[in-house]
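Beneath this line is the structure, given in structure tokens, with notes to follow.
Read the numbers this way: they start at 1 and go in the same order the structure lists the ligands and their atoms.
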Amino acid sequence: MVKLKTMGITFGLSASLLLAACGSDEGNQDNGNNAGETASIGEQIDYTITGIEPGAGTTELARDTLEEYENLEGWNLLESSTAGMLGALEEAVKNEEPIIITGWTPHWMFTAYDLKFLEDSKGTFGGSENVNTIVRKGLEEDMPSAYTILDRFYWEPKDMEAVMFDAQEVPFEEAATKWIEENADKVAEWVEGVEKVDGDEIELVSTPWDTERASGYVVKAVLEQQGYNVTLTPVDPAVMFQAIATGEGDASVAPWLPSTHASFYEKHKEDLVDLGENLKGTEIGLVVPSYMDIDSIEDLQPKE
Ligand code: PBE
């Protein structure tokens, strides 16, 4: 009896909820309020862009973007972590809900999900860019072997992606070693004619994202094969540039230039040596799942 009664109440509730839902739908149309329109993307996501770490270059450029685009008046950037952003992205895609993230490539997010960059007509995210190698002043004289290898280090997005892909299953160190074994020709070019050393210590400074874990561990392993004793320390981009400028760190293969890390680079460029790009063709920006009916940052509506 009790059970039946409960079921009766449950049924009653569902029915009234259904009725209420229908009623409110009809109500909207009757109001003539935005007749035929669904909520704007901004309304649906509460005018919030799902961002990453406060110290990332991407976060800085996303803040600039919110200032530069008048149509983003009233929007905000949720600063959290890369893991937090990826979790929110996964959840949204699973439910086919709208989401706007700060994203970048190379990254497995573009393989795992069908995503697109929003066009950036004002260029606040800088378009296609590179990853550079920077070293401290005096490294060329102090550690000529390491300097030569760092100067020659160059690879392609597909190489970096291969390491990142394997590193989803095994530690980065192992993924890097595998890449080196499979690309012995390339590595041989970097170390050709370079004198080995006997345990000299070298400090590599990097940032805490997978792209730079991939390059950092590859360069670390190559330098170790050459006899160096290598430490690899991930820090915020601001700290990374500062470390190379003050000489606390010896080298970094992690700066995204000329845009993502522009402000840090500008601050320290006189006090470091820029060896140019080690990888071409990265990009950062606002990214959405392809099922969203929007192509450009300009198409977003200001908060009402
Ligand atoms: N990233 C990955 C970093 C650099 C590498 C794009 C998230 C950033 O500083 O924004």
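Contacts of Glu174 classified as side chain to side chain contact (heavy atoms under 4.5 Å, CB included), with partners at least two apart in sequence or in another chain: Val170, Pro171.
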Worked verdict on Lys116 versus Asp295 for salt bridge (Lys or Arg N to Asp or Glu O under 4.0 Å): CA-CA 8 Å; Lys116 60 186 175 186; Asp295 292 309; 3.4 Å; yes
Residues Trp108, Phe110; criterion ring pair (Phe, Tyr, Trp, His ring centres under 6.0 Å); working and verdict: CA-CA 5 Å; Trp108 58 255; Phe110 282 91; over 10 Å; no
Please tabulate, one pair per line, all N/O donor-acceptor pairs under 3.5 Å involving side-chain atoms of residues 65-89, not counting sequence neighbours.
residue : atom : partner : partner atom : Å
Thr65   : OG1  : Leu61   : O            : 2.6
Thr65   : OG1  : Thr124  : OG1          : 2.8
Tyr69   : OH   : Asp120  : OD1          : 2.5
Tyr69   : OH   : Ser121  : N            : 3.1
Tyr69   : OH   : Lys122  : N            : 3.0
Asn71   : ND2  : Ile297  : O            : 2.9
Asn71   : ND2  : Glu298  : O            : 3.2
Asn71   : ND2  : Leu300  : O            : 2.9
Trp75   : NE1  : Gln301  : O            : 2.9
Asn76   : OD1  : Thr48   : OG1          : 3.0
Glu79   : OE1  : Arg63   : NH2          : 3.2
Glu79   : OE2  : Arg63   : NE           : 2.9
Glu79   : OE2  : Arg63   : NH2          : 3.4
Ser80   : OG   : Gly51   : O            : 3.4
Ser81   : OG   : Gly84   : N            : 2.9
Thr82   : OG1  : Glu53   : OE1          : 2.9
Thr82   : OG1  : Glu53   : OE2          : 3.2
Thr82   : OG1  : Trp209  : NE1          : 2.9

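Residue His261 approaches ligand 1 through these ligand atoms, each under 4.0 Å from one of its heavy atoms: 4 (C), 8 (C), 9 (O). Against a heavy-atom cut-off of under 4.0 Å, Thr211 is close to the following atoms of ligand 1: 2 (C), 5 (C). The atoms of ligand 1 that sit less than 4.0 Å from any heavy atom of Glu212 are 5 (C). Of all atoms in ligand 1, numbered sequentially from 1 with element shown, those under 4.0 Å from a heavy atom of Ile52 are 7 (C).
The closest side-chain heavy-atom distance from Tyr113 to Glu90 is below 4.5 Å.
Closest to atom 3 (C) of ligand 1 among all protein heavy atoms lies Trp209 CE3, 3.6 Å. Protein heavy atom closest to atom 10 (O) of ligand 1, with residue, atom name and distance, is Thr58 OG1, 2.5 Å.
Considering both main-chain and side-chain atoms, Gly57 comes within under 3.5 Å of ligand 1 through a nitrogen or oxygen pair. When only interatomic distances are considered, the shortest N/O to N/O separation between Thr260 and ligand 1 does not fall below 3.5 Å.
Note on Glu173 versus Lys220: salt bridge recorded, some NZ/NE/NH1/NH2 to OD/OE distance being below 4.0 Å.
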